Structure formats: structure tokens, C-alpha cells
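Presented below is the structure to which this report refers.
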Amino acid sequence: MCAAGRKIVCCDVMSMTTWHTPCTNLGASVWETSQGETSRVALLCPQHDAEVRTGRAPWLKEAVPLMTPAGPAQATTSSARWANELSG
């Protein structure tokens with residue numbers, strides 16, 4: 001299952017996003033995320049994967065794609081480190 005709302009939770013209590021409740025979709029992409037001092041490997045569904053890739057998960061400091069459904073991710077400088085805009 002997707003780690004959004006389970007391993008990775010939005011820290012903004014003033015807004016309600018899909019990251020606040022456990023996602024029941026199947027995970028498809030493996031990410032290494034950092035949220036504060038916590039770093040972990042997490043499986044994300046296509047919707048949450050897209051949010052991380054496009055910068056719509058700004059509470060994540062760093063997010064590195066490790067594997068996609070097609071196989072190992074091709075990490076680039078921009079996708080490997082979101083310059084403190086992403087973090088999980």
C-alpha cells in the first residue's frame with residue numbers, strides 16, 4: 001500500500017490534504033524521503049508519486065526516487081534533490 005498518510009504525513013495541521021489520511025491505493029514507486037530528522041524508504045502510489053515529483057509535497061526536504069514500476073529510477077540532480085522543497 002501507499003505510504004502517504006502512513007509513513008509520510010503532512011505536518012501542516014492547518015490544511016487537509018490526501019497526505020493526512022492513510023492512502024489505500026497500491027504503491028508503485030519506491031522513494032527515499034527525509035522529513036525533519038527522519039529518513040525512510042517508502043512506497044508511493046502513482047498519485048502521491050506525481051505530487052512528490054512535481055513539488056506539491058513541500059514539507060519533504062529531500063526525496064530521491066529509488067525505483068519506479070518500470071525498474072530502477074534514473075535519478076537526476078533535479079529529481080534526486082528538490083532543494084529543500086520536498087521531504088518523507
Side-chain angles (χ1 to χ4, degrees):
M1 295 189 104
C2 181
R6 297 173 199 284
K7 284 186 173 183
I8 305 171
V9 179
C10 178
C11 57
D12 179 7
V13 296
M14 300 304 289
S15 65
M16 194 61 171
T17 70
T18 61
W19 294 82
H20 283 93
T21 56
C23 179
T24 58
N25 294 326
L26 293 177
S29 300
V30 180
W31 284 82
E32 182 176 1
T33 63
S34 294
Q35 194 172 10
E37 297 295 317
T38 305
S39 179
R40 60 179 45 120
V41 173
L43 190 62
L44 296 177
C45 69
Q47 175 188 343
H48 288 105
D49 172 75
E51 288 184 31
V52 174
R53 288 182 190 277
T54 59
R56 292 180 291 160
W59 59 90
L60 297 173
K61 287 185 191 174
E62 295 180 352
V64 180
L66 299 178
M67 187 171 289
T68 64
Q74 298 297 317
T76 63
T77 301
S78 61
S79 68
R81 300 202 183 265
W82 291 92
N84 294 324
E85 291 182 23
L86 301 178
S87 149

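Along the sequence shown, residues carry numbers from 1. On a predicted model such as this, the values are computed, not experimentally measured, just so you know.
- Nearest heavy-atom pair across R53 and P65 is NH2-CB, 3.8 Å.
- V52 has its side chain within reach of W31: a pair of non-hydrogen atoms, C-beta onward, lies under 4.5 Å apart.
- In this structure, I8 and W59 have side chains that are in contact, with non-hydrogen atoms separated by less than 4.5 Å.
- The side-chain contact (heavy atoms from CB on, under 4.5 Å) check on T18 picks up Q47, H48, E51, with sequence neighbours excluded.
- Of the inter-residue distances, the one linking M1 atom CE with L43 atom CG reads 10.5 Å to the nearest 0.5 angstrom.
- Separation of atoms OG (S29) and CG (L44) is listed at 7.0 Å; rounding is to 0.5 Å.
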Run the side chain to side chain contact (heavy atoms under 4.5 Å, CB included) test on R6 and C23 for me, step by step, so that the C-alpha distance in whole Å, both residues' side-chain angles and the decisive distance to 0.1 Å come before the verdict. CA-CA 8 Å; R6 297 173 199 284; C23 179; 5.6 Å; no
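- Remark: side-chain polar atoms of R40 are paired, donor with acceptor, to backbone N or O of K7 under 3.5 angstrom.
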